[in-house]
Amino acid sequence: MRAPVLVTLFVWVLSDATTRHFSEEEMAAVRQRIKSMFYHAYNSYLDNAFPYDELRPLTCDGHDTWGSFSLTLIDALDTLLVLGNQTEFQRVASLLQDTVDFDIDVNASVFETNIRVVGGLLSAHLLAGRAKMELEPGWPCSGPLLRMAEEAARKLLPAFQTPTGMPYGTVNLLRGVSPTETPVTCTAGVGTFILEFATLSRLTGDEAFEDAARRALMALWRTRSNIELVGNHIDVLSKKWVAQDAGIGAGVDSYFEYLVKGAILLQDEELLHMFLEYDRAIQNFTRFDDWYLWVQMHKGTVSMPVFQSLEAFWPGLQSLLGNLDSAVRTFQNYYSVWRQFGGLPEFYSIPQGYTVDKREGYPLRPELIESAMYLFRATGDHTYLQLGLDALESIEKITKTPCGYASVKDLRDHQLDNRMESFFLAETIKYLYLLFDPAHFLHGGGAEGDGSWEEGGEGGGCVLGAGGFIFNTEAHPLDPAALHCCGRHARDRQELRDVLLGLMQPGGQPDRGRSEGPPPGPSEGPPPGQSESIVLKPGERKTPLLSCPVQPFSARLAVLGQVFSDDA
């Protein structure tokens with residue numbers, strides 16, 4: 001189904017522009033500028049904000065945002081190694097082991113804790129060999145950063161103990177899910193766990209994590225509409241769609257991303273099949289002149305003709321599937337918006353060709369740079385390097401402060417906001433640097449014998465780092481080889497554990513010992529005897545109506561099929 005766009009759009013066509021060719025020397029010079037940008041932000045955080053989660057660059061202080069984890073330090077850890085700083089990577093990895101405590105009375109976003117904390121620690125663990133850290137025997141199947149990641153993820157498992165297997169949006173790290181917690185969360189908050197949780201299960205041998213992620217994915221898959229679309233917010237207890245806008249942006253984006261990347265990481269045909277079914281519907285109902293609009297999930301009628309900055313990951317995802325023609329055309333549209341404002345506003349009205357009221361900001365998001373990295377890797381077209389240089393210039397000119405880089409409150413007049421999100425160091429700078437370093441080991445660069453490959457596993461029987469890294473949605477790279485390396489040893493350890501535990505059980509029957517997390521099959525609720533351990537006292541904390549890891553929609557939501565404005 002196609003419909004013409006009724007107004008003339010401001011579209012800057014890449015093929016009509018004079019493409020500058022960047023020499024190796026010029027690319028190296030840009031990389032040095034990106035390093036300087038990173039260290040200005042990173043040192044400002046250390047000097048003014050640590051141990052708080054994030055830096056406030058206008059007041060030169062810090063604040064906790066997602067759970068009091070020193071989040072920026074965790075998120076930036078693997079970026080240090082990407083930039084080649086082994087010494088600081090080693091120092092920070094040791095510092096985090098000594099200072100971060102997950103046994104705290106904090107209400108944390110399940111989604112954000114997973115992608116930033118669990119993902120960041122897993123990535124750092126898998127890169128520890130390249131950082132010349134002292135490795136435990138059997139690495140990467142063991143190690144202190146892996147144990148930290150496992151501890152953080154285990155704190156999230158109570159959120160998955162629902163009748164459907166779909167997780168609550170928030171969990172208290174000390175006491176579990178509040179009885180007053182809203183059951184309404186966004187689609188991405190249900191479907192964005194398979195990369196981290198499957199990696200944990202394959203490295204540690206504890207299947208509870210991957211089981212939880214897969215059960216949530218399958219429950220979400222079964223709730224799709226008759227036209228193969230999913231909405232934006234769902235009740236995780238009743239499986240009823242509360243917000244029925246279907247699209248590829250805020251609240252949904254990383255669900256689709258994880259189906260594709262999960263299929264690649266795990267070589268899982270079922271996940272790929274699920275995405276391809278969705279993609280057919282997305283192309284049929286939401287794509288208009290290489291933009292992607294928001295439509296009603298059951299009818300396919302347009303509910304919001306807007307582009308959201310979070311959608312800019314889509315061309316990069318399409319390139320992973322080989323859909324380059326479509327990816328390039330969509331990227332052209334998104335790049336035209338960047339050139340119009342010097343950044344991507346959170347919401348952009350496609351018919352009006354301008355920002356949407358109250359969504360004019362740019363919080364230094366990475367998604368367009370991320371797509372440029374993938375498309376440059378796929379095509380070699382230096383136009384994508386020009387976007388990278390444009391982004392660097394814009395960020396330096398508009399957002400740099402004496403204490404770091406500030407989010408843009410309003411792209412129309414470049415007012416700044418007093419926040420530097422941790423993803424600026426985890427994603428934006430990392431993707432920008434990797435865009436200008438096509439020979440980087442994360443792209444599979446290097447040759448045998450130059451240190452690009454590593455030995456791992458018990459007895460050094462595994463080859464790691466041979467290319468094919470998969471980035472989670474917070475740009476933390478995961479090495480698929482490590483999963484296969486540890487899987488064999490994990491199975492052996494589990495079989496031995498079953499035998500030993502079986503000798504200790506009455507009657508000598510083996511016990512899988514999986515007391516944490518949801519069972520692999522359907523469940524009607526939390527396991528017996530665990531309800532007291534995962535709840536807060538009644539009335540101890542009030543929660544908002546919706547729980548979602550991203551900003552809410554700006555003007556309209558289709559709730560139970562009806563459209564309401566913010567002030568309705």
Notebook entry, point to check: Run the side-chain contact (heavy atoms from CB on, under 4.5 Å) check on L200 and D206 step by step: do they pass?
Noted result: CA-CA 8 Å; L200 260 181; D206 188 340; over 6 Å; no
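- With respect to K397 and E393, no salt bridge is recorded, no charged nitrogen being found less than 4.0 Å from a carboxylate O.
- Annotation: H443 is not in aromatic contact with F469 [ring centroid separation under 6.0 Å not met].
- Ring centroid separation for the pair F102 and F69 comes in under the 6.0 Å cut-off.
- Cys pair C141/C485: SG-SG separation is not below 2.5 Å.
- Salt bridge absent: D417 and R419 never bring a charged side-chain N and a carboxylate O closer than 4.0 Å.
- Remark: of the listed residues F331, F376, Y374, F22, F331 is the sole one forming a ring pair (Phe, Tyr, Trp, His ring centres under 6.0 Å) with Y384.
- Considering only heavy atoms from C-beta on, Q32 comes within 4.5 Å of K35 through its side chain.
- Looking at R214 and D268, a side-chain N of the basic residue comes within less than 4.0 Å of a carboxylate O on the acidic one, giving a salt bridge.
- Counting only heavy atoms from C-beta outward, the side chains of F209 and F193 never approach each other to under 4.5 Å.
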Review point. Should Y405 and F424 be marked as a ring pair (Phe, Tyr, Trp, His ring centres under 6.0 Å) after you check the CA-CA gap, both sets of side-chain angles, and the distance that decides it?
Key: CA-CA 9 Å; Y405 294 86; F424 177 63; 5.3 Å; yes
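- Judged by the 6.0 Å and 45° rule, R339 forms a cation-pi pair with Y335.
- Looking at E346 and R365, a side-chain N of the basic residue comes within less than 4.0 Å of a carboxylate O on the acidic one, giving a salt bridge.
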When you look at E360 and K409, which way does the salt bridge (charged side-chain N to carboxylate O under 4.0 Å, His left out) test go after all the steps?
CA-CA 7 Å; E360 305 92 350; K409 185 176 183 179; over 6 Å; no
